[in-house]
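No hydrogens, no waters, no symmetry mates; every other heavy atom, side chains included, goes into these values. The shown structure was predicted, so the numbers you read here are calculated from the model rather than taken from an experiment.
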Amino acid sequence: MDIILGPSSPVLGKRISKALNSRIIAAEFKKFPDGELYARLLGESKQAAIIQSICSNDDLVFLLLLLDALEEAEKTVVIPYFGYARQDRKFKEGEGISIRAIAKLIEGYTDRILTVNLHSEMAKSHFRKIHEIDAMPVIGSEYKDRDVVMISPDLGSLERVKIAAKHADCDFDYLEKKRIDASHVEITPKEIDVEGKEVVIVDDIISTGGTIIEATKVLKDLGAKRVEAVCVHAVLANYALSKLFNSGIDDVIATDTIERIISKITVANEIAGELEKLML
Ligand code: R5P
């Protein structure tokens, strides 16, 4: 299987090609003065996997252009971070279901899609077939030699955090979160035992950073010695990283589903392993 490095995932794509010992089919990308996008493959392939996270509208269009360029080849699409998944239902009458619209577009070209920690089961239900990889084991393993407590910022993420904590071999607990609007959340202080401990907040996405900032305040008030955060997808909208470090958090790290300066954990081996299984 050949690998195509989409413009949003070149580092992860390269790591996957190395893990699989696969050839990379080079590609070029450009943006015209009017904003239209262009992609060209510089080689042929009979069987290829495109590695391309969808963090922006341009990322989605580049993915469609690469799929089209592959013509008759057997195509696998790896979308490590699948944006638009949070609009997985109608929250208000008349809304479009974003992830359903995008699922239809991509599945028009391929029915083999691989992703990492898709936002929800509801988002998943809009695909005919999607393979989901859980990054929690690899995240948990990162902490296995440290004495930490893992905290979920809300009840909804607790199942995920349990898996990370199992791999870190540590205790876990959760906080209670209420979302006020897109960038504000309220975390209710809750009796959890973090006094004098090193705490790691585990979440799937850090977007505005609001959730982690509020959780950090509560945990420090409860006496935590050190508070760090780890997430799968470092969306980091609106200067989130600057806000996080200004809020007094001790460290923030993420996987490389979105390539950021804090992407210290790779999911390349997990994706390569799944690709190998799918190709059997
Ligand atoms: C919520 O359902 C997710 O698990 C994250 O907690 C959320 O997306 C984080 O968003 P923000 O960083 O904007 O608080």
Side-chain angles (χ1 to χ4, degrees), residues 1-9 12-13 16 20 39 45 47-92 94-139 156-157 159-160 163 203-205 207 231-235 255-259 267-280:
M1 182 201 293
D2 301 317
I3 297 291
I4 296 168
L5 312 179
S8 67
S9 304
L12 177 57
I16 294 169
L20 289 170
S45 176
Q47 190 191 53
I50 303 171
I51 320 296
Q52 168 79 336
S53 277
I54 299 177
C55 310
S56 69
N57 299 335
D58 282 6
D59 293 342
L60 171 63
V61 175
F62 276 132
L63 175 61
L64 295 173
L65 299 182
L66 286 171
L67 279 164
D68 200 71
L70 274 171
E71 297 192 333
E72 300 308 316
E74 187 186 336
K75 310 170 194 57
T76 299
V77 179
V78 180
I79 306 175
Y81 170 64
F82 212 134
Y84 282 104
R86 282 176 284 180
Q87 182 76 21
D88 57 4
R89 65 199 77 192
K90 280 185 199 289
F91 296 96
K92 287 184 194 149
E95 284 179 345
I97 300 177
S98 313
I99 194 67
R100 181 175 67 185
I102 292 171
K104 279 186 192 161
L105 270 177
I106 298 173
E107 285 185 334
Y109 278 103
T110 173
D111 40 32
R112 190 181 295 140
I113 304 176
L114 229 126
T115 190
V116 181
N117 290 90
L118 193 64
H119 179 64
S120 62
E121 285 303 311
M122 183 60 115
K124 213 165 160 180
S125 73
H126 298 299
F127 291 83
R128 284 200 306 267
K129 200 173 179 190
I130 189 162
H131 301 269
E132 190 187 15
I133 293 167
D134 185 9
M136 287 300 142
V138 70
I139 285 182
S157 288
E159 287 310 307
R160 270 194 288 269
I163 299 171
D203 210 348
D204 59 342
I205 299 176
S207 181
C231 70
V232 183
H233 310 297
V235 172
T255 76
D256 53 0
T257 59
I258 303 179
E259 297 178 8
V267 288
N269 290 336
E270 285 64 28
I271 293 176
E274 199 62 32
L275 282 172
E276 254 168 357
K277 270 194 252 158
L278 290 173
M279 302 322 291
L280 286 180

Exercise. Keeping the roles fixed (side chain from S8, backbone from S53), state whether a donor-acceptor pair exists under 3.5 Å.
Key: yes

Quiz item: Do T257 and V267 pass the side chain to side chain contact (heavy atoms under 4.5 Å, CB included) test, and can you show the C-alpha distance, the side-chain angles, and the key distance before you say yes or no?
Solution: CA-CA 7 Å; T257 59; V267 288; 3.9 Å; yes

Quiz item: Is there side-chain contact between L63 and I79, with heavy atoms separated by less than 4.5 Å?
Solution: yes

Exercise. Kindly indicate whether the side chain of V77, heavy atoms from C-beta on, has any atom under 4.5 Å from the side chain of L114.
Key: no

Quiz item: Below 4.5 Å, heavy atoms only, C-beta onward: do I139 and T255 meet side chain to side chain?
Solution: yes

Quiz item: Hey, does the side chain of T76 reach the backbone of A49 with a donor-acceptor pair shorter than 3.5 angstrom?
Solution: no

Self-check item: From I4 atom CD1 to S45 atom OG, the distance as rounded to the nearest 0.5 Å
Solution: 6.0 Å

Quiz item: If we only count heavy atoms from C-beta on, is the V232 to R160 side-chain gap below 4.5 Å?
Solution: no

Quiz item: Atom OG in S9, atom CD1 in I51: separation rounded to 0.5 Å?
Solution: 7.5 Å

Self-check item: E132-T115 side chain donor-acceptor pair, cut-off 3.5 Å
Solution: no

Self-check item: A85 versus A123, closest heavy-atom pair with distance
Solution: O-CB, 3.8 Å

Quiz item: Which atom names give the shortest non-hydrogen contact between N117 and H233, and what distance separates them?
Solution: O-NE2, 3.1 Å

Practice problem: List the steps and the verdict of side chain to side chain contact (heavy atoms under 4.5 Å, CB included) for L67 and K75. | Solution: CA-CA 7 Å; L67 279 164; K75 310 170 194 57; 3.6 Å; yes

Exercise. Evaluate the ring planes of F127 and F82, with Trp represented by its six-membered ring, and classify them as parallel (under 30°), tilted (30 to 60°) or perpendicular (over 60°).
Key: perpendicular

Practice problem: Could you please spell out the steps behind the side chain to side chain contact (heavy atoms under 4.5 Å, CB included) verdict for V116 and Y81? | Solution: CA-CA 6 Å; V116 181; Y81 170 64; over 6 Å; no

Quiz prompt | Distance-only side-chain donor-acceptor flag, Y84 / N57, under 3.5 Å | solution = yes

Quiz prompt | Rounded distance [0.5 Å steps], CD in E71 versus CG in D68 | solution = 7.0 Å

Exercise. Could you tell me whether the side chain of Q87 and the main chain of R89 form a donor-acceptor pair under 3.5 Å?
Key: yes

Exercise. Taking the side chain as every heavy atom from C-beta outward, state whether L20 and E276 have any atom pair closer than 4.5 Å.
Key: yes

Quiz prompt | Minimal non-hydrogen separation, G13 against I3, with atom names | solution = O-CG2, 3.9 Å

Quiz item: About how many Å separate NZ of K104 and CD1 of I99, when rounded to the nearest 0.5 Å?
Solution: 12.5 Å

Quiz prompt | Non-hydrogen side-chain atoms of H131 and I113 separated by less than 4.5 Å | solution = no

Quiz item: Does the distance from a Lys or Arg side-chain N to an Asp or Glu carboxylate O, for E95 and K92, drop under 4.0 Å?
Solution: no

Exercise. Could you tell me which non-hydrogen atom of E259 sits nearest to which non-hydrogen atom of L12, and how far apart they are?
Key: OE2-N, 2.9 Å

Self-check item: Whether over 12 other heavy atoms sit under 6.0 Å from K90 NZ
Solution: yes

Self-check item: Spacing of NE2 belonging to H126 relative to OG belonging to S120, to within rounding of 0.5 Å
Solution: 7.5 Å

Practice problem: For the residue pair V235 and C55, establish whether any side-chain heavy-atom pair is separated by less than 4.5 Å. | Solution: no

Quiz item: CD1/I50 to CZ/F62 distance, rounded to the nearest 0.5 angstrom?
Solution: 13.0 Å

Quiz item: Just by modelled atom types, is the D59 backbone N or O under 3.5 Å from a matching donor or acceptor in the Q52 side chain?
Solution: yes

Exercise. Let me see the working for R112 and E74 under side chain to side chain contact (heavy atoms under 4.5 Å, CB included), right down to the final yes or no.
Key: CA-CA 10 Å; R112 190 181 295 140; E74 187 186 336; 3.1 Å; yes

Quiz item: Just wondering, do L66 and L70 contact through their side chains at under 4.5 Å, heavy atoms?
Solution: no

